[in-house]
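Every value quoted in this text rests on a predicted model; they were computed, and no experiment measured them. Quick note: numbers below take in every heavy atom, side chains included, and nothing from hydrogens, waters or symmetry partners.
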Amino acid sequence: MLRAISFSLVLAASSAPAAAQTLSIKGPSGAVTLTAADVAALPRTSVPFDAHGQKHTYEGPLLIDVLGKAGAPTGKALHGAALADAVVVRGSDGYAVVYGLAELDPATRPNRIILADKADGAPLDAKDGPFKVVAEGDLRPARGARLVTSVDIVNLGGAAPHSH
Ligand SMILES: Nc1nc2c(c(=O)[nH]1)N[C@H]1C(S)=C(S)[C@@H](COP(=O)(O)O)O[C@H]1N2
Ligand SMILES: [Mo]
């Protein structure tokens, strides 16, 4: 009995970090689980961010490019009903932040919003990682969700979409 309990504790402890390295995304084409390697393989950019008087450089793909893996529209395709798409970012501690899909689009807004997997050249530590959203230009760090494990697109539009 004791042995069974300690065995399952070991299993739980050894499987937890691996599980935390994946990212669940949901978009118009369904749900996808991405590994850290999938995220790292996307085109990358660097964003400086000052928080609590400290300057850091975060690096990773644009969040909208990550969501593209689940069918998120970008550029000219981001119109009509997609303008009512909300992007719900969740951390493993339950913290949640909502962005509008259009504000993630570099053809719509100049500030970059990335899914960082590195800070100052090193992989994010256990306090921030595996992924952290960094919103360039935000005046305070509250929207910078740490410990991100899921990002879901939820359409909040109700009426029939305009076509223009
Ligand atoms: N997962 C998660 N992310 C979070 C928070 C949190 O509680 N959980 N707090 C937010 C707030 S209010 C702030 S000010 C910053 C603080 O992050 P820092 O301590 O790395 O500066 O993280 C943001 N991201
Ligand atoms: Mo905060």
Side-chain angles (χ1 to χ4, degrees), residues 6-74 78 85-154:
S6 53
F7 178 67
S8 52
L9 284 176
V10 167
L11 260 189
S14 61
S15 61
Q21 295 308 307
T22 62
L23 176 76
S24 155
I25 58 171
K26 290 195 188 86
S29 65
V32 183
T33 300
L34 300 178
T35 65
D38 295 330
V39 172
L42 288 164
R44 300 172 68 79
T45 188
S46 288
V47 169
F49 197 92
D50 295 9
H52 313 298
Q54 289 185 306
K55 294 182 197 300
H56 294 289
T57 301
Y58 291 94
E59 190 193 311
L62 294 176
L63 182 56
I64 199 164
D65 288 345
V66 178
L67 290 170
K69 298 270 187 188
T74 63
L78 210 175
D85 278 347
V87 176
V88 186
V89 178
R90 282 184 204 282
S92 57
D93 61 348
Y95 194 76
V97 174
V98 174
Y99 292 88
L101 181 63
E103 70 174 314
L104 307 185
D105 176 29
T108 302
R109 296 275 303 161
N111 58 307
R112 291 162 298 170
I113 299 179
I114 68 169
L115 185 73
D117 55 10
K118 284 187 171 179
D120 304 323
L124 295 181
D125 60 20
K127 174 184 158 282
D128 283 349
F131 307 108
K132 173 177 175 169
V133 170
V134 178
E136 185 177 30
D138 269 15
L139 299 177
R140 57 197 187 96
R143 294 205 303 172
R146 302 182 270 105
L147 306 168
V148 172
T149 49
S150 72
V151 186
D152 299 340
I153 295 179
V154 180

By side chain to side chain contact (heavy atoms under 4.5 Å, CB included), Ala96 pairs with (sequence neighbours left out) Arg90
Heavy-atom pair with the smallest gap, counting every atom of Gly60 and Asp117: CA-OD1, 4.1 Å
Salt bridge or not for Arg109 and Glu103, using N-O below 4.0 Å? no
Distance col, row Leu62:CG vs Arg44:CZ, nearest 0.5 angstrom, shows 11.0 Å
Any heavy-atom pair between the side chains of Val151 and Phe131 that's under 4.5 Å? no
Roughly how far, to the nearest 0.5 Å, is the CD1 atom of Ile114 from the CD atom of Glu59? 8.0 Å
Give the minimum heavy-atom separation between Ser46 and Arg112, together with the two atoms involved. O-NH1, 3.0 Å
Is there a side-chain contact between Leu101 and Leu67 (heavy atoms, below 4.5 Å)? yes
Please list, chain by chain and in numerical order, all residues satisfying side-chain hydrogen bond (donor to acceptor under 3.5 Å, both in side chains) with Thr33, sequence neighbours excluded. none
Heavy-atom pair with the smallest gap, counting every atom of Gly71 and Pro28: O-CG, 3.5 Å
Nearest 0.5 Å, what's the CG-CG distance between Leu23 and Leu115? 6.0 Å
Pick out which of Val98, Ile113, Val148 makes a side chain to side chain contact (heavy atoms under 4.5 Å, CB included) with Val89. Val148
Please round to the nearest 0.5 Å and tell me the distance separating atom CG of Asp50 and atom NE2 of His56. 9.0 Å
CG of Asp120 to OH of Tyr58, rounded to nearest 0.5 Å, is 7.0 Å
Are Lys69 and Ile25 close enough that some pair of their side-chain heavy atoms sits under 4.5 Å apart? yes
To check you understand the geometry: which heavy-atom pair defines the closest contact between Gly100 and Val87, and what is its length? C-CG2, 4.4 Å
Identify the heavy atoms of Val97 and Ala145 that sit nearest to each other, and give their distance. CG2-CB, 4.1 Å
Looking at side-chain heavy atoms only, is the closest gap between Leu34 and Val66 below 4.5 Å? yes
Flag the pair Asp93 and Arg146 as a salt bridge only when some basic side-chain nitrogen lies within less than 4.0 angstrom of an acidic carboxylate oxygen. no
Donor-acceptor under 3.5 Å (Asp125 side chain, Asp128 main chain): yes
Looking at every heavy atom in both Glu136 and Asn111, which two are closest together, and how far apart are they? O-CB, 3.3 Å
Short question: side chain of Tyr95, backbone of Leu147 - any donor-acceptor pair under 3.5 Å? no
To the nearest 0.5 angstrom, please state how far the CD1 atom of Ile153 sits from the CD1 atom of Ile64. 7.5 Å
